[in-house]
Amino acid sequence: MKLFKDYIRPYYLKWFYFQIWPSRRPNCFVDCWNKPSLPLSDEIAERVSRNADRADLLFLPMTDWHTRIQRSQHLAMNFGSLGSRCFYVNPHLGREFPHLYRPGADVRIGLVAPRVVEIHLHLPREPVYHHGLLTPGETDRLFRGVDRLVKAAGVKKLIQFVSFPLWSQLAGRLKSEFGFPIVYDCHDLLSGFRDISDEIIAAEPALMESADLVCFSSQWLLNETARAYPEIGEKSLVVRNAVNPADYSGAAPGERHDKPTIGYVGSLDFWFDVKAIRQAAIRHPEWNFRLIGRVESESIHPLASLPNVALEGEIPYQDLPRRMSNFDVAVIPFLRMPLTLATNPLKLYEYFCLGIPVVSTRLPEIELFHDLVYLSEGADDFVRQLELAVTQDNPELRARRKAAAGYNTWRARCEQLNQRFESL
């Protein structure tokens, strides 16, 4: 029974399943092999040369590089542009591999951006990374894989950039064996999610204690965490989300519509205010609502029954600027709960890049831009603020929003972090 539970059911049956129905293999498991990859060897040092003035960074992330471009990917790309080599571990830990586990081919590398190398570490049991902590044996295998990376790449100085407590034991061992400092990037309230295991959440305090620096994506998240763990105060830092303005500078509108277009980009999950969007769509059939993003909650699907609401699915990051440039108004319709109170919405800065009027639920981090955003409290007020935004857009506000995006860049965030890295 244990053999079936631990290996045959989650591993071999999955492999045969995708052989029979290859179209059902998640896109992220396919996309990661679309660029050349090779076994880990000394060739990595030739392909991505080391900058002696910059520490290398090892990203132990919460998100897969190929699912959607988010905070960790943006930071890695911008650190790379500043001269640091970045090694980004694929968190699927083998589930992305197209073949069965092979001991001699359990570590592969691929270049995903300039000076950014993705590391594929294949564990025999291929865990689902948010379902539970790694076993000591799995941590040992990962350590040996990173050890091989350190030697092959000629690593001299390295900072661990940890975004998920899954990696706690690995990060602690790397710090103990090599002296590599730990930066914990706490960019979400983990307890607010429904699909992260309790044991991973319970491991977060120990990770914060072992970290040399703890970054928070919002002041609310820092304050609440420091209230529970006051000892992190001196080593904590707010590093908000940001944007790459250059990604949006050449955005040309695509198909235009006669009706005003209300747009949203991001996950569509339990924190999304379905009532507010439904109410706005019913009251204003003359508006079109375009909701771009992967549907993660069944509560979202009924919106598609409304004739002026379209659930458009997830689209590649490079297509976002063009699609967003068609929005007359952009929205951040979140329910108020600890998870959203803790968030610093990345999409806000992306909307600002295009100067788009934004209607949002009143949240602490968005209130920082109260003079550039239409803030709402409740579904009725959300509709009223949308009505104002549709009719009161003006060039001066568009210019100020674009200027705000120009101040809040990922490059600036990396420079902020680099200043703190020097002390590590």
Side-chain angles (χ1 to χ4, degrees), residues 5-7 9-15 17-18 25-33 58-73 75-76 86-98 100-101 106-110 112 117-146 149 160-174 182-204 206-208 210-211 267 269 294 296 314 339:
K5 179 181 177 182
D6 289 351
Y7 292 97
R9 178 176 59 82
Y11 181 47
Y12 290 101
L13 290 186
K14 181 213 73 171
W15 187 80
Y17 178 84
F18 289 143
R25 188 175 180 84
N27 290 338
C28 61
F29 291 0
V30 177
D31 294 343
C32 64
W33 306 113
L58 177 67
F59 280 81
L60 299 171
M62 184 179 176
T63 53
D64 170 19
W65 185 281
H66 307 277
T67 301
R68 59 176 67 97
I69 300 297
Q70 294 184 296
R71 178 182 175 96
S72 294
Q73 293 97 315
L75 287 170
C86 297
F87 304 109
Y88 193 100
V89 175
N90 187 301
H92 293 297
L93 300 174
R95 297 178 70 229
E96 78 277 18
F97 276 70
L100 296 173
Y101 176 77
D106 57 341
V107 184
R108 293 189 67 85
I109 62 172
V112 291
V117 178
E118 184 175 29
I119 310 298
H120 299 272
L121 299 163
H122 200 164
L123 295 178
R125 288 176 56 187
E126 301 182 354
V128 178
Y129 67 90
H130 55 276
H131 283 183
L133 291 173
L134 300 170
T135 67
E138 288 171 333
T139 296
D140 187 62
R141 284 178 181 269
L142 294 180
F143 176 83
R144 294 201 302 268
V146 176
L149 168 69
Q160 302 183 74
F161 206 82
V162 184
S163 299
F164 200 43
L166 171 78
W167 312 104
S168 297
Q169 296 302 314
L170 173 62
R173 187 168 172 190
L174 290 169
I182 298 171
V183 175
Y184 176 39
D185 186 31
C186 182
H187 53 69
D188 282 302
L189 182 68
L190 296 183
S191 60
F193 291 100
R194 295 177 175 176
D195 58 352
I196 297 176
S197 74
D198 290 341
E199 66 173 353
I200 288 180
I201 294 171
E204 187 177 41
L207 175 57
M208 286 190 287
S210 66
S267 294
D269 211 329
R294 187 169 60 197
E296 310 269 10
E314 197 155 28
L339 178 65

Assess whether a salt bridge exists between Asp106 and Arg141, defined as any Lys/Arg side-chain N lying under 4.0 Å from an Asp/Glu carboxylate O.
no
Exercise: identify the closest heavy-atom pair between Phe97 and Trp33:
CA-CZ2, 3.9 Å
Report the C-alpha distance between Val117 and Tyr88 in whole Å, list the side-chain angles of each, state the deciding distance to 0.1 Å, and finish with yes or no for side chain to side chain contact (heavy atoms under 4.5 Å, CB included).
CA-CA 6 Å; Val117 178; Tyr88 193 100; over 6 Å; no
Donor-acceptor check, side chain of Tyr184 to backbone of Pro165, threshold 3.5 angstrom: yes or no?
no
Sidechain N-carboxylate O distance under 4.0 Å for Glu138, Arg144
no
Trp167 and Val89, any side-chain heavy atoms less than 4.5 Å apart
yes
First locate atom CG of Leu142, then atom CG of Leu93, and finally report the distance between them rounded to the nearest 0.5 Å.
5.5 Å
Is any side-chain heavy atom of Ser267 closer than 4.5 Å to a side-chain heavy atom of Glu314?
no
Measure the spacing between CZ of Arg194 and CD of Glu296 and express it to the nearest 0.5 Å.
12.0 Å
Side-chain (Gln169) to main-chain (Pro136) donor-acceptor, under 3.5 angstrom:
no
Measuring from Gln70:CD to Thr63:OG1, what's the distance to the nearest 0.5 Å?
5.0 Å
Does Asp269 pair with Arg294 as a salt bridge, N-O distance under 4.0 Å?
no
Quick one, Thr67 with Asp31, criterion side chain to side chain contact (heavy atoms under 4.5 Å, CB included). Give me CA distance, side-chain angles, the key distance, then yes/no.
CA-CA 9 Å; Thr67 301; Asp31 294 343; over 6 Å; no
Is the CG atom of Asp198 crowded by more than 12 outside heavy atoms at less than 6.0 Å?
no
Side chain proximity check, Leu60 to Gln160, heavy atoms < 4.5 angstrom:
yes
For Met62 and Phe164 the tightest heavy-atom approach is CG-CD1, 3.8 Å
Taking atom CG of Leu58 and atom CD1 of Ile119, what is their separation to the nearest 0.5 Å?
8.0 Å
Of all heavy-atom pairs between Leu134 and Pro127, which one has the smallest distance, and what is that distance?
CD2-CG, 4.1 Å
Under the criterion side chain to side chain contact (heavy atoms under 4.5 Å, CB included), I'd like the reasoning laid out for Leu174 against Leu170: C-alpha separation, chi angles, the key distance, then a yes or no.
CA-CA 6 Å; Leu174 290 169; Leu170 173 62; 4.0 Å; yes
Donor-acceptor pair, distance only, cut-off 3.5 Å: does the side chain of Asp188 make one with the backbone of Leu190?
no
Indicate the atoms forming the closest heavy-atom contact of Ile201 with Ser191, along with that distance.
CD1-CA, 3.8 Å
Roughly how far, to the nearest 0.5 Å, is the NE2 atom of His92 from the SG atom of Cys32?
8.0 Å
Can you confirm whether Ser197 sits close enough to His130 that some side-chain heavy atom of one is under 4.5 Å from a side-chain heavy atom of the other?
no
Locate the shortest heavy-atom distance separating Cys86 from Ala76; write the atom from each residue and the value.
SG-O, 3.5 Å
Nearest atoms (heavy-atom pairs only) where Gly145 meets Val107:
CA-CG2, 4.3 Å
List the steps and the verdict of side chain to side chain contact (heavy atoms under 4.5 Å, CB included) for Val162 and Asp185.
CA-CA 6 Å; Val162 184; Asp185 186 31; over 6 Å; no
Once you round to the nearest 0.5 Å, how far does CD1 of Ile200 lie from CZ of Phe193?
12.5 Å
For the residue pair Glu96 and His122, confirm or rule out a side-chain donor-acceptor distance under 3.5 Å.
no
Do you know which of Phe161, Trp65, Phe87 makes ring pair (Phe, Tyr, Trp, His ring centres under 6.0 Å) with Phe59?
Phe161
